[in-house]
Amino acid sequence: MTDRAVRRRRRALYLFFLLNGIAMSSWITRTPDVRDRLGVSTGEMGLVLFGLSVGSMAGILCSGRFVSRFGTRPVTALGTLFVVASVVVVGGGTALASAPLVAAGLCLFGLGVGAGEVAINVDGADVERITGRPVLPTLHGCFSLGTVIGGLAGMAATAAAFPAQWHLLAVAVVTAAMFGYAIGGVPAGIGVRAAAPASGSARPAGPRVWKDRRLLMIGAIVLAMALAEGAANDWLPLLMVDGHGLDAALGSLVFVGFAAAMTLGRFGGSFFLSRYSRAAVVRASAVSGAVGLCLVIFSDNAVVAAAAVLFWGLGASLGFPVALSAAGDSGPDETARVGLVATIGYVAFLVGPPTLGFLGDHYGLRPAMVVVLAFVAAAVFVAPAAGTRGSRHREAEAGADASGGLTV
């Protein structure tokens with residue numbers, strides 16, 4: 001690909017991550033309003049959010065196979081269209097006070113994100129291969145930036161008592177326009193795996209990656225850090241409202257702070273990755289996330305808890321993209337490796353958090369977050385699996401330095 005084509009492709013990936021962040025944070029910031037409109041308890045809201053889990057599992061389980069067969073572009077396109085449509089359905093369910101319709105909209109959202117974002121991450125890892133530079137942290141930073149933009153808009157709409165259904169309809173229009181612009185920048189054929197010979201093994205690479213011990217440990221890192229991010233995305237506004245006594249607008253503001261910390265961590269990630277090993281960055285991230293979660297869970301001071309959310313956000317920011325980079329250069333068959341780790345991450349990100357609602361209904365949301373804390377603490381000890389920056393990146397950077405650098 002030419003430098004111009006790579007730049008356009010990277011801009012398109014930025015927009016897809018940004019779009020998903022805007023869509024997700026838009027309905028997250030309205031969850032207190034949606035819950036009140038539906039008239040459901042915390043446990044029942046967890047059941048509504050379970051629609052997200054069902055859709056996510058379906059999308060995640062299908063994504064790798066579809067990418068291998070059709071490439072990343074059609075999977076990304078279909079998944080993003082599902083995301084746009086889901087915002088409309090959630091808004092319609094809110095307007096009609098229909099919990100099943102909201103659950104169906106979240107199911108559609110999970111289906112779209114589960115399928116589409118695995119494909120987008122495979123595309124992002126391919127851009128890293130082409131450029132020889134860390135790209136995934138910045139791409140995930142765009143997702144976090146989208147959550148900040150959507151969160152600020154949601155906070156303003158909540159403070160102004162603007163109806164959630166009209167807010168979500170406006171979000172659907174904006175994200176649809178972004179999709180129309182971005183899809184043209186994604187090339188066809190990325191991620192397609194050649195068919196296996198008739199006389200050979202029918203599945204040459206997929207099963208083998210499950211036997212790679214280091215790759216599975218990288219998957220454990222992603223599971224922990226993605227769960228930390230997903231738990232905040234699903235429950236942080238309600239956690240601050242129900243667990244720390246803030247009103248809905250302030251709860252949304254705390255979520256915006258979390259999203260801003262995530263954005264800062266991801267956009268600044270390349271600076272630290274160029275100076276320290278991936279293992280050191282992942283370990284520091286896990287420690288920061290664990291400290292933030294401890295203070296949110298165990299502090300009875302709402303101001304301290306709100307400030308601790310920044311440590312939570314900074315800690316969760318780099319685990320997912322850095323682990324995906326580590327998976328991509330951990331061995332042969334990059335698509336299968338990134339796909340496996342991305343699948344583990346999105347299962348944790350999209351499927352894990354709704355189950356916290358059932359714990360929250362029995363014990364409260366703050367005690368339920370102890371589960372998340374345990375996973376993040378475990379990530380501190382498995383961080384060495386992320387290793388140092390891959391030889392692929394070092395060789396590519398050496399070649400770029402010798403030729404005057406690669407500008408993308």
Side-chain angles (χ1 to χ4, degrees), residues 12-28 30-31 34 48-67 69-94 100-124 139-140 142-144 146-147 149-150 168-183 185-186 190-191 226 229-230 233-234 320 339 342-354:
L13 296 179
Y14 288 160
L15 284 175
F16 280 119
F17 274 94
L18 186 72
L19 181 160
N20 284 335
I22 291 172
M24 175 171 280
S25 64
S26 294
W27 65 259
I28 287 171
R30 302 313 298 265
T31 49
V34 172
V48 170
L49 288 170
F50 191 67
L52 179 66
S53 300
V54 172
S56 302
M57 282 302 300
I60 288 166
L61 292 176
C62 293
S63 183
R65 182 177 300 177
F66 286 166
V67 168
R69 183 171 180 180
F70 302 109
T72 58
R73 179 172 176 171
V75 179
T76 297
L78 186 61
T80 305
L81 287 174
F82 283 165
V83 169
V84 174
S86 73
V87 178
V88 177
V89 176
V90 171
T94 302
L101 191 55
V102 172
L106 293 177
C107 180
L108 190 61
F109 183 90
L111 183 64
V113 172
E117 287 224 0
V118 171
I120 301 170
N121 277 290
V122 170
D123 229 309
L139 291 177
H140 283 260
C142 288
F143 175 85
S144 298
T147 62
I149 294 171
L168 295 176
L169 180 61
V171 170
V173 172
V174 171
T175 52
M178 294 172 66
F179 164 76
Y181 176 81
I183 191 60
V186 180
I190 303 299
E229 181 182 356
N233 284 344
D234 277 12
F320 202 154
T343 296
I344 294 172
Y346 283 110
V347 167
F349 180 69
L350 297 169
V351 179

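Just so it is clear, the values below take in all heavy atoms, side chains as well, and ignore hydrogens, waters and symmetry mates.
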Looking only at heavy atoms, what is the nearest atom pair of I149 and L18, with distance? CD1-CD1, 4.1 Å

Do W27 and V102 touch side chain to side chain, with heavy atoms closer than 4.5 Å? no

Would a 4.5 Å heavy-atom cut-off, applied to side chains only, mark V186 and F16 as touching? yes

Kindly compute the distance separating CG (L15) from CD1 (I183), expressed to the nearest 0.5 Å. 11.0 Å

Output the distance between atom SG (C142) and atom CD1 (I22), rounded to the nearest 0.5 Å. 10.5 Å

Where is the tightest heavy-atom contact between A12 and A182, given as atom of each residue plus distance? CB-O, 3.3 Å

Flag the pair S26 / L168 as yes when at least one side-chain heavy-atom distance between them is below 4.5 Å, and no otherwise. yes

Atom CG in D123, atom OG1 in T76: separation rounded to 0.5 Å? 6.0 Å

Might you point out which heavy atoms bring T94 and V34 nearest each other, and give the distance in Å? OG1-CG2, 3.7 Å

If you count every heavy atom of other residues, nucleotides or ligands that lies below 6.0 Å from F66 atom CZ, does the total exceed 12? no

Search all heavy atoms of V84 against all heavy atoms of A172 and return the closest pair with its distance. CG1-O, 3.6 Å

Please report the shortest heavy-atom distance between L101 and G92, naming the atom on each side. CD2-C, 3.8 Å

Aromatic plane relationship, H140 with F17 - under 30° parallel, 30 to 60° tilted, over 60° perpendicular: tilted

What heavy-atom pair brings S25 and T147 nearest, and what distance separates the two atoms? OG-O, 3.1 Å

Please identify each residue that fulfils side chain to side chain donor-acceptor pair (under 3.5 Å) with N20, with sequence neighbours left out. E117

Does the S86 side chain pair with the main chain of L108, one donor and one acceptor, at a distance under 3.5 Å? no

Between CG on residue L81 and CZ on residue F179, distance to nearest 0.5 Å: 4.0 Å

How many angstroms lie between OG1 in T72 and CD1 in I190, if you round to the nearest 0.5 Å? 6.0 Å

Just verifying a value: how many Å separate L111 CG and L52 CG, rounded to the nearest 0.5 Å? 10.5 Å

